[in-house]
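Working notes, structure below.
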Amino acid sequence: MNPLERLLRPRSIAVIGGGPWCRSVIAQSRAFGFTGQIWPVHPTRETLSGVPAVTSVSRLPSAPDAAFIGVNRDATIEIVRELANIGAGGAVCFASGFREAEAELPGSTGLEVHLRQAAGTMPILGPNCYGFINALDGALLWPDQHGLKAVSSGVAILTQSSNMAINVTMQCRALPIAFIATVGNQAQTGMSDIGIAVLEDDRITGLGMHVEGFGNLAALERLAERARTLEKPVTVLKVGRSSEARAGTLSHTASIAGSDAGAGALIERLGFSRSRSLPGFLETLKLLHIAGPLPSKRIATVSCSGGEASLAADSGFSRGIVFPELNDRQKRELRNALGPRVALANPLDYHTYVWRDAEAMARAWSAIVDPSLAMTLLIVDFPRTDRCKTADWDCAIAAALETRRQTGGRVAMVSTLPELLPEPIAADLANGGVVPMNGLDEALDAVAAAAGTHFRSPPPLLHPASPGFGRLESMTESEAKAVLARHGLAVPRGSLAENEREAGTAATEVGFPVVLKTDGKAHKTEVGGVVLNLGTDDAVVRAASGMRSNRYLVEEMITGAVAELLVGVVRDPAHGYVLTVGAGGIRTELFEDRQSLLIPSTAKDIADAIGRLRITRELTGWRGRPAADMEAVLGAVLAIQDTAVHIHRHLEELEVNPLLCCPDRAVAADALLVTRRAK
């Protein structure tokens, strides 16, 4: 049995404290139809909300399955200890003033440690959280009103924000929420632990997590593995940016691959989908609940207006949605259903010739459903029910349900505005297997997110080392290149020189033309520390004299590059080691053209990431220009990753920029390596 089973599916509840929140827990339990025992605990009151009370935890009839602790933070610790001693199943710690209040109340973090010690192995949610609502079993520890109703199956939602949880319960989108919980500070029981527990329930179809910051990476990996085994989708609404993830700012990688890039790479790595807004999050959960993960972003849309068709096309383009051309079978059947006056295309504007003829509408809509599509979206806006009548739209409901019945395909009915799909109609559609989606933008967000869900097993993450607060050490360029070269990265032929005269001699040995650099400064081009294409030893001496450096690096001039890439690795304490590949050289700051993954990544994943870059058009031969050696480019990125893996215990950031991608090789023109050594 999962250790959270008793807490999350209780048959007996203790409510400890006498404030309005405790009275609300009792009232909400009754209103929700909880059939188990409710035992208030208060030192002076004989009853609480009409229910007989006991004076202390020790006087409870038996160890409760779950307890709501609604007293101050100091008293909470002792009560948790008493509950653990009598064998309670778990507790919700409502009080605030723990770790989240450290800035205002020094010592609050220490109190949280004491709370965790008091709990021992007894599960606790929080502190600083509202608790949970189990709409499957009619059980809740919840100190406020909510908008849920009993369901037989549905999705689970976990959030770090209690107020957000209340708002989500009030949704009017026909999304069946079977379970919702707030996790607060996660002093002992984390979001991943709760996620695993609820996914084990056969009645839970998917999981949504609203996350401000990821915590335990190992726990997240366990959650992902369990979700894969059960083939239950997980979607994440990730907000916030972590200043921890930008420990250094010497490299471009550190500035562009901060915590959000790390979070995105982690979510994708785990097989979760990512939602970008709260409405999109809810629509994604609804889509996943009814239709499951999507195999692609290939869709068709059907509407009776050219304006809606154009809106769908434009909105889909920005989300990577693909609208394939209609095939011969679709065109033939559409023509038979709609006649000669409708221009056949995807998105389809079928006009209103067949409106009110549910049978003809179903034939037309069924014609466009195709196995090559991930989903077919029927765009229909219903009139507001307080001022208008909806009878003329019954044909659309009937046609949508018949389309789903005839084709067995994934079919959604989508309103352009969220409020133009009334909840009772949405519920009827959902019961018939048609996904009701409130808002065109939200629906397309959901399609894009659901297409990102997968159940593949990735390699185990390389968890970030914790070297403490040691000093940062930045290697010189020559030192960094030497480390990278040992792991197989190609670097230019070069030599070091201590003065101007030696630089000229070194250039002759390397072979002209050469590049002259100061050895040891980051962003050398910004301080005049790089001179290119020097053709004589005298030119090298003159250039070196102008730099006034203590040491010079003289290298062969690499010519014939097709394109330049940036490849970097940043230690992100919250998410792992982030590998970023993007447009390099001066384009790094000009274009946001980059992809991020987590280490270690497979060669295929890295190749796929490179393939998603806009600069790939140059790499593969743009307008008749030569193509880069893509095998060499991939090998260079793998060598950089291999370097990071071998030195990860001390690695802070590593960057090659630019990686010169040539028709016959890929060479690191510049390199930066920053480590952190523990004191």
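You'll find the side chain of Pro233 stays beyond 4.5 Å of the side chain of His289, heavy atoms only. In this structure, Leu266 and Leu217 have side chains that are in contact, with non-hydrogen atoms separated by less than 4.5 Å. Two residues are said to be in side-chain contact when any heavy atoms from C-beta on lie closer than 4.5 Å; Leu461 and Glu221 meet this criterion. Here the side chains of Thr580 and Val570 are not in contact, with every heavy-atom distance at 4.5 Å or above. Proximity of Ile379 to Leu440: side-chain heavy atoms (C-beta onward) are separated by under 4.5 Å at one or more points. Proximity of Leu613 to Val581: side-chain heavy atoms (C-beta onward) are separated by under 4.5 Å at one or more points. Between Leu348 and Leu334 the shortest side-chain heavy-atom distance falls below 4.5 Å. You'll find the side chain of Leu659 stays beyond 4.5 Å of the side chain of Glu564, heavy atoms only.
Salt bridge absent: Arg332 and Asp328 never bring a charged side-chain N and a carboxylate O closer than 4.0 Å. Salt-bridge annotation for Arg274 and Asp260: present, with a side-chain N of the basic residue lying under 4.0 Å from a carboxylate O of the acidic one. Salt bridge status for Glu225 with Arg228: present, with a side-chain N to carboxylate O gap under 4.0 Å. Checked for salt-bridge contact, Arg319 and Asp445 meet the test: a charged N lies under 4.0 Å from a carboxylate O. Look at Arg173 and Glu283 and you find a salt bridge, because one of the NZ, NE, NH1 or NH2 atoms lies within 4.0 Å of a carboxylate O, short of that distance.
Side chains of Asp381 and Thr416: a donor on one and an acceptor on the other come within 3.5 Å. Thr235 and Ser275 are linked by a side-chain donor-acceptor pair at a separation below 3.5 angstrom, with hydrogens and angles left out of the test.
Enclosure of atom CZ in Phe317 is not indicated, since only 12 or fewer non-hydrogen atoms of other residues, nucleotides or ligands lie within 6.0 angstrom. In this structure, Glu423 places its CD atom where more than 12 heavy-atom neighbours from other residues, nucleotides or ligands lie under 6.0 Å away. Within 6.0 Å of CZ on Arg329 lie more than 12 heavy atoms contributed by other residues, nucleotides or ligands. Around CG of Asp664, the count of heavy atoms belonging to other residues, nucleotides or ligands within 6.0 Å exceeds 12.
Met191 contributes atom CE, which lies 8.0 Å from atom CD of Glu212 (distance to the nearest 0.5 angstrom). To the nearest 0.5 angstrom, Ile177 atom CD1 is 8.0 Å from Leu285 atom CG. Ile157 CD1 to Thr169 OG1: the interatomic distance, rounded to the nearest 0.5 Å, is 9.5 Å. Remark: Glu442 CD to Met437 CE distance equals 9.0 Å, nearest 0.5 Å. A distance of 7.5 Å separates CG in Asn346 from CD1 in Ile299, rounded to the nearest 0.5 Å. Between the CG atom in Leu378 and the OG1 atom in Thr403 there is a gap of 6.0 Å [rounded to 0.5 Å].
Of the possible donor and acceptor atoms, one in the side chain of Asn431 sits under 3.5 Å from a partner among the backbone N and O of Ala427. Between the side chain of His351 and the backbone N or O of Tyr353, no donor-acceptor pair lies under 3.5 Å. The main-chain N or O of Leu311 is found under 3.5 Å from a side-chain atom of Ser315 such that the two form a donor-acceptor pair. Side-chain atoms of Asp349 never come within 3.5 Å of backbone atoms of Val302 as a donor-acceptor pair (strictly under, hydrogens ignored).
Heavy-atom minimum distance, Asp593 versus Ile615: OD2-N, 2.9 Å. Heavy atoms only, all atoms of each residue included: Thr182 and Ser161 are closest at CG2-O, 3.9 Å. Of all heavy-atom pairs spanning Arg269 and His454, the tightest one is O-CE1, 4.2 Å. Between Gly433 and Ile290, the shortest heavy-atom contact is O-CG2, 3.8 Å. Residues Ala360 and Ala337 share a closest heavy-atom pair of O-CB, 4.5 Å. Pairing each heavy atom of Val369 with each of Gly409, the nearest pair is CG1-CA, 4.1 Å.
The salt bridge (charged side-chain N to carboxylate O under 4.0 Å, His left out) pairs that include a residue from residues 393-412 are Glu402-Arg405, where partners are two or more places apart or lie in different chains.
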Determine, step by step, whether Val656 and Leu566 satisfy the side chain to side chain contact (heavy atoms under 4.5 Å, CB included) criterion, reporting the C-alpha distance in whole Å, the side-chain angles of both residues, the deciding distance to 0.1 Å, and the verdict. CA-CA 6 Å; Val656 171; Leu566 172 147; over 6 Å; no

Verdict with supporting geometry, Leu220 and Leu270, side chain to side chain contact (heavy atoms under 4.5 Å, CB included): CA-CA 8 Å; Leu220 270 171; Leu270 296 174; 4.1 Å; yes

When you look at Leu619 and Leu565, which way does the side chain to side chain contact (heavy atoms under 4.5 Å, CB included) test go after all the steps? CA-CA 10 Å; Leu619 289 168; Leu565 289 180; 4.3 Å; yes

Carefully, step by step, assess Arg665 and Asp629 under the rule salt bridge (Lys or Arg N to Asp or Glu O under 4.0 Å). CA-CA 6 Å; Arg665 57 179 173 164; Asp629 183 340; over 6 Å; no

Decide yes or no on ring pair (Phe, Tyr, Trp, His ring centres under 6.0 Å) for His210 and Phe281, but give the supporting numbers first. CA-CA 9 Å; His210 165 245; Phe281 175 71; 7.5 Å; no

Are Phe382 and Ile425 close enough, and set up right, to give a side chain to side chain contact (heavy atoms under 4.5 Å, CB included), and what steps lead you there? CA-CA 9 Å; Phe382 290 82; Ile425 294 173; 3.6 Å; yes

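Partners of Asn167 under the side-chain contact (heavy atoms from CB on, under 4.5 Å) rule, at least two apart in sequence or in another chain, are Asn163. With sequence neighbours excluded, the residues forming a side-chain contact (heavy atoms from CB on, under 4.5 Å) with Arg226 are Ile196, Glu200, Thr229, Leu230, listed by chain and number.
Paired with Leu175 under the rule side chain to side chain contact (heavy atoms under 4.5 Å, CB included), one option of Leu282, Asn438, Thr284 passes, and it is Leu282.
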